[in-house]
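Okay, structure first, notes after.
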Amino acid sequence: MSEQKNKKAIKSEAPAELKQNVLETKAYVVREDDKLSKIATAHGLSVGELAEKNKLDSYKLKVGQELVL
């Protein structure tokens, strides 16, 4: 019976872990004169990584655009 309790405990912990991962996702709001390279470098990413994460077709940014870091 103790195994069943352990299984239930593991299942109930999973949503909390998922919520924590969601909260750890960082975002950046583009400001005037921002460049993708400047944002990427400041957050330890390459321009390609940042573009890929955000599914960007070009490196042009718009003020107010939200980027996932």
Side-chain angles (χ1 to χ4, degrees):
M1 223 192 254
S2 63
E3 283 183 39
Q4 289 176 344
K5 288 182 182 180
N6 287 341
K7 287 180 183 178
K8 287 181 182 178
I10 291 170
K11 287 181 183 178
S12 66
E13 290 174 14
E17 290 172 11
L18 292 175
K19 287 180 186 177
Q20 185 177 6
N21 287 342
V22 170
L23 294 175
E24 289 176 6
T25 302
K26 295 180 182 179
Y28 180 85
V29 178
V30 176
R31 293 179 266 182
E32 193 172 339
D33 297 325
D34 272 347
K35 297 194 178 346
L36 198 63
S37 60
K38 176 185 158 191
I39 298 166
T41 303
H43 296 281
L45 300 167
S46 71
V47 173
E49 287 173 322
L50 188 57
E52 187 177 323
K53 278 187 171 190
N54 290 280
K55 299 176 183 161
L56 300 177
D57 293 330
S58 76
Y59 292 161
K60 292 184 179 182
L61 301 174
K62 296 178 184 174
V63 174
Q65 181 178 355
E66 192 172 307
L67 299 174
V68 175
L69 301 175

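Within the structure, the ring-ring contact (aromatic ring centres under 6.0 Å, His included) test picks out no pair touching residues 47-69 (sequence neighbours left out).
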Inset, instruction - Could you please spell out the steps behind the side-chain contact (heavy atoms from CB on, under 4.5 Å) verdict for L36 and L67? - result: CA-CA 10 Å; L36 198 63; L67 299 174; 4.2 Å; yes

Inset, instruction - List the steps and the verdict of side-chain contact (heavy atoms from CB on, under 4.5 Å) for Q65 and D34. - result: CA-CA 11 Å; Q65 181 178 355; D34 272 347; over 6 Å; no

Legend entry - K53 vs L45, side-chain contact (heavy atoms from CB on, under 4.5 Å): CA-CA, chis, key distance, verdict: CA-CA 10 Å; K53 278 187 171 190; L45 300 167; 4.3 Å; yes

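Considering every non-hydrogen atom in both L61 and I39, the closest pair reads CD1-CD1, 3.8 Å. Annotation for E66 and A27: closest pair OE2-CB, 3.7 Å, computed over non-hydrogen atoms.
Between atom NZ of residue K60 and atom NZ of residue K35 there is a gap of 12.0 Å, rounded to the nearest 0.5 Å.
Open room surrounds CD on E52; 12 or fewer heavy atoms of other groups in view lie less than 6.0 Å from it.
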